[in-house]
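Lettering follows sequence order; numbering is per chain, from 1. Scope of the values below: all heavy atoms of this structure, side chains included, with no hydrogens, waters or symmetry mates. The structure presented is a predicted model; accordingly, all values stated were derived computationally and were not measured.
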Amino acid sequence: MDCREIGETFMKVKIINKEDVTRWIDKIAEKYNVLGPVKIKSGDYEFKKIKSGNEISLDYINPVISPVKQFLFPSKEVMMKYEKKGKSVDAKVEQQVTEKTVLFGIRTCDLSAMLFLDKFFLDGFKDTFYELRRNSLITVNLVCTEPFESCFCVCADAGPDRKEGFDVQLTKINGSYVAEIGSEKGEEIVKIGGSLFKDASQEDIDKKEKIVKDTKENKFKMPTSYFSKAIRHVTANDIDEKTWDQLASRCVGCGSCSYVCPTCTCFNVLDIGTTNKGERVRTWDSCMYSGFTREVSGHNPRPVFKDRVKRRYYHKLSYYYMKKMGQHGCVGCGRCVIACIGGIDMPMVSKFIRRQGQ
Amino acid sequence: MKEIITICPFCGCGCGIKVSTDDKEIEKVEPSQSHLIGRGSLCIKGWHIVEVLDSETRLRKPLIKSDDTFKEVTWQEALSLVAEKIKSVKDKYNSIGIIGSSKTTNEENYLLNKLAHQVIKTNNIDTSFSLHYSPLLKRINEINFSVKIDDIQNSDLIIVIGTNLNVEAPQILRRVLKALDKGAKILVINSLKIPLANIAEIYIQTEPNKIAEAIKDGKVSSLYKRAKKPICIVGEDIFKGVNPDDSFNSIIDIFKDNVFPIINLNNALGAVAYGVTPYIEGEKEGMNLQEMIESAEKGNMECLYIIGEDILSSAGDYNRVKKALENVGFLIVQDLFMTETAKLADVILPVVSSLEKGGSFINMEGRLQDFEPSISTDETLKSDFEIFIELSEKLGVKLPYKNISEVRKEIEKSNLLKSKKISKVNISLENQNVDSDFPLWIKIDNPRMFFHSGSMLKNSYTLFREMEVGVVVVNPELAKKNNIRNNEKVKVVTKTGEITRNVSILNDIPQNIMVVTYGKDDISHSIIVPIGLKWTVGRLEKLS
């Protein structure tokens with residue numbers, strides 16, 4: 001069954017001891033490819049293939065690149081290889097058959113972003129490269145109870161928990177995790193845990209709801225409800241030029257915003273190699289680059305940063321795109337806050353737009 | 001898959017790049033969040049470093065030129081020829097020169113110094129730092145590198161003189177903007193309206209040769225006196241400007257320890273610190289880069305060994321430098337790519353990039369950062385380190401180092417910047433001024449994806465795609481006066497040469513300044529500036 005069809009019928013709630021999570025992961029890893037957050041030498045975190053639950057730390061800092069985006073839509077992937085042999089050309093589509101993979105411990109914002117990617121890559125025209133990986137993917141997402149400084153998922157309605165769209169959703173309550181099962185795939189991996197799981201009591205479920213409510217109301221360090229006014233102004237197209245001028249003056253055109261954004265989907269396709277041998281690759285692209293829109297004639301409809309910054313935020317916030325995608329293009333993961341050199345991140349832009357004309 | 005944090009080989013900020021690799025191929029590159037400089041961010045150059053490494057155009061085998069074409073040879077042949085040629089030079093003091101790189105590691109720089117002084121026995125060793133940053137080099141013993149990058153965001157007054165930080169040093173811009181958002185006063189002094197001028201509290205527009213006067217302005221000094229933690233950021237429009245010495249001397253005399261110089265070369269300080277310079281106290285002074293070029297012009301340079309530097313593209317005065325290089329008896333070039341300089345070489349030694357080796361770099365704030373190799377080396381390539389060791393042996397001296405860590409143990413003691421052992425630097429740059437023949441100021445403006453000579457950029461598809469066609473940007477009034485329309489092809493003439501460019505008319509630019517931008521796959525801009533500089537004087541001519 002397509003995992004995007006969310007079955008309330010699946011919704012079962014279980015509970016597992018904190019200590020038993022490691023054993024559960026061990027068991028899943030016996031059957032499936034498991035990727036989880038591992039602390040590497042430098043102090044950064046990275047979603048890596050793990051053999052045992054001991055290797056991961058669930059209190060990790062979200063990596064700058066979304067592990068979900070990197071898995072489903074890698075920064076660089078080979079689509080086709082070609083080689084000239086005599087007079088004929090050997091061309092082969094590179095379809096990577098992916099083994100069943102569990103992304104263990106992703107944060108809820110990244111799960112919300114995945115549902116956005118699904119809509120882009122699978123609705124209507126199906127991107128087969130994406131589809132293959134997506135079908136092989138099972139997610140276990142964490143409900144964050146201690147948001148980081150740059151987090152604002154609550155404003156984007158993309159966290160800290162989800163009511164649907166997950167396979168298994170974990171929320172820490174005291175010494176245990178409440179595990180909500182949201183799909184057949186989710187049920188499959190909870191079954192692997194066997195007796196490690198017990199049915200959750202109503203009290204456990206209430207506790208979970210209380211923790212989520214408390215997190216939403218009290219734990220976010222950034223002011224909440226960013227978007228409504230920004231969306232209104234962007235949609236009405238009544239933002240003064242000075243605001244865009246000021247924002248663009250801070251831009252260095254690095255493209256980090258697009259690369260780290262878990263809902264950004266733009267890519268470039270190019271052939272690398274010689275006329276005799278080479279490969280066709282797809283790489284991430286960024287709307288902050290002039291080469292992204294420059295036409296063959298040399299004319300560029302968005303020649304300066306101001307045009308590109310403006311366009312980016314129109315794409316993220318205007319009603320037109322919200323209607324098309326079912327949500328605005330931001331899940332509040334806060335990665336742009338970390339990666340943007342000029343500080344032109346979603347909270348800052350929303351603030352600029354709100355303040356304009358005041 | 002393993003993750004390695006390496007240091008970005010482009011500008012002098014020194015961001016940490018997290019590389020995910022299986023040792024053979026790099027899966028992805030991302031900014032390291034735990035790294036103190038980048039803190040989760042990278043500029044466009046850093047993000048695309050892998051494209052450069054993977055490029056089909058990387059040199060893979062040593063090349064020897066015969067009958068004007070390059071032939072692939074073995075390392076044995078190439079290094080033997082190099083050693084033989086170096087040995088054959090009799091007058092080592094006047095006829096041999098070594099140009100090191102601001103991109104090789106500290107350990108390699110230390111070895112290169114030994115190779116020059118102890119093995120080849122010449123003091124003619126330098127990098128392009130002396131060419132582009134001589135005002136800073138002259139007073140480098142006075143700069144204690146006491147302002148750190150992270151101090152900038154806690155400053156209450158930041159004076160940004162002669163630098164477009166959006167391009168020259170993005171990580172410094174990041175700190176300036178953080179300070180701005182916290183309420184600091186930003187004061188921009190520049191001849192051109194850089195992006196930061198749009199959001200700074202005060203913008204002082206000056207003539208390119210009157211920057212020193214602007215600093216002495218009453219408003220600036222009263223703000224400076226009142227500030228608690230003032231910082232003065234100085235960039236390339238000063239060091240490579242029209243009166244570099246006068247401007248920089250005034251700046252350092254006034255702002256002293258609060259000066260933060262932007263050094264837009266990855267390991268320029270490391271090269272100076274570990275002896276790739278002719279100015280070492282207690283040693284006989286050798287030729288600097290400019291003097292080596294002059295010596296080659298006169299036909300005195302029998303052998304020139306250039307490491308990781310495409311000086312033909314980056315030095316300026318292209319025609320003159322080209323003639324000089326063609327005049328060199330035997331030219332050795334050590335590089336990753338077939339650069340413009342490499343094309344003139346007699347021997348080319350292909351090397352590995354910084355991601356394929358370990359070592360350490362010193363960034364512009366003086367921070368030493370070490371790194372391990374991210375991927376293993378192509379067997380046909382050698383690192384600069386290995387080449388220096390093998391070459392020394394062929395020249396009859398066995399340098400006593402087996403690996404990088406053995407060198408690293410020694411180098412800490414010999415940091416010339418720390419011990420303040422840079423001797424007096426005798427480079428004087430003439431002031432340039434407009435006159436009736438050359439009535440306009442000209443700035444050569446490099447785009448954000450461009451680094452130094454551009455040899456890396458050309459080999460990355462994303463960075464290369466970002467390049468626009470080179471133009472000359474002029475004010476509408478100037479265009480009108482010369483009867484020139486937008487997009488019209490014109491001639492830009494300076495004392496060193498002339499080029500043709502299409503005109504781009506822009507309101508924001510002063511009437512007496514023209515900006516010549518770098519073009520895609522085009523280094524013609526370097527024809528019209530004097531060696532080492534980014535500013536000059538010239539005129540605009542309509543093509544008949």
Side-chain angles (χ1 to χ4, degrees), chain A residues 38-49 61-65 70 74-76 150 242 245-256 259-260 268 270-274 277-278 281 283-286 288-292 294 298 300 303 305 335 337-344 348, chain B residues 1-5 16 18 20 26-35 38-48 50-51 54-56 165-167 169-178 180-181 193-200 372 447-449 461-469:
Chain A
V38 176
K39 191 171 191 172
I40 60 169
K41 213 170 81 185
S42 67
D44 287 308
Y45 289 89
E46 176 74 21
F47 269 70
K48 289 170 74 83
K49 187 178 164 68
I61 297 165
N62 228 357
V64 196
I65 285 182
Q70 180 66 31
S75 44
K76 179 183 173 185
S150 52
K242 209 183 138 210
D245 271 332
Q246 295 228 321
L247 290 169
S249 297
R250 308 168 68 111
C251 185
V252 300
C254 59
S256 302
Y259 290 171
V260 304
N268 187 18
L270 64 156
D271 293 338
I272 299 172
T274 60
K277 192 183 172 188
V281 298
T283 64
W284 289 350
D285 207 340
S286 170
M288 300 315 294
Y289 296 161
S290 68
F292 184 75
R294 195 194 308 111
N300 195 339
F305 284 147
R335 286 190 174 90
V337 179
I338 288 161
C340 181
I341 289 173
I344 319 164
M348 216 279 267
Chain B
M1 259 328 136
K2 58 174 183 178
E3 287 73 31
I4 303 283
I5 307 287
K18 185 167 110 191
S20 306
I26 291 174
E27 188 205 34
K28 68 173 164 127
V29 156
E30 63 183 276
S32 164
Q33 228 168 320
S34 57
H35 192 264
R39 294 186 193 273
S41 67
L42 283 178
C43 75
I44 187 169
K45 296 184 285 264
W47 274 107
H48 298 102
V50 177
E51 294 177 8
D54 280 353
S55 172
E56 297 270 329
L165 292 174
N166 295 51
V167 170
Q171 292 300 352
I172 308 305
L173 177 80
R174 185 175 206 184
R175 272 66 175 187
V176 172
L177 293 174
K178 277 195 174 155
L180 174 75
D181 292 343
K193 198 168 184 200
I194 55 163
L196 192 60
N198 292 326
I199 44 178
E372 312 161 42
R448 70 192 198 286
M449 46 283 170
Y461 39 85
T462 310
L463 297 181
F464 192 62
R465 192 187 68 174
E466 280 306 276
M467 289 296 285
E468 307 278 349
V469 177

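No donor-acceptor pair under 3.5 Å is formed between the side chain of Lys28(B) and the backbone N or O of Pro74(A).
Glu3(B) places none of its side-chain heavy atoms less than 4.5 Å from the side chain of Val38(A). In this structure, the side chains of Arg250(A) and Ile199(B) come closer than 4.5 Å at one or more pairs of heavy atoms.
Note that CG of Leu177(B) is 8.0 Å distant from CD1 of Ile344(A), once rounded to the nearest 0.5 Å.
Contact annotation for Ser42(A): both backbone and side-chain heavy atoms come within less than 4.5 Å of a heavy atom of chain B. Only the side chain of Arg294(A) comes within less than 4.5 Å of a heavy atom in chain B; its backbone stays farther off. Within the 4.5 angstrom heavy-atom criterion, no atom of Val50(B) approaches chain A.
Every residue two or more places apart in sequence or in another chain that forms a salt bridge (charged side-chain N to carboxylate O under 4.0 Å, His left out) with Lys2(B) is listed here: Asp23(B). Remark: Lys18(B) engages Glu46(A), Glu30(B) in a salt bridge (charged side-chain N to carboxylate O under 4.0 Å, His left out) (not counting sequence neighbours).
Residues Ser290(A) and Glu468(B) share a closest heavy-atom pair of OG-OE2, 3.0 Å.
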Next on the checklist: Test side chain to side chain contact (heavy atoms under 4.5 Å, CB included) on Asn268(A) and Arg465(B); report intermediate values, then the result.
Outcome noted: CA-CA 11 Å; Asn268(A) 187 18; Arg465(B) 192 187 68 174; 3.4 Å; yes

Item to check | Steps toward side chain to side chain contact (heavy atoms under 4.5 Å, CB included) verdict (Leu42(B), Tyr259(A)) | outcome: CA-CA 11 Å; Leu42(B) 283 178; Tyr259(A) 290 171; over 6 Å; no

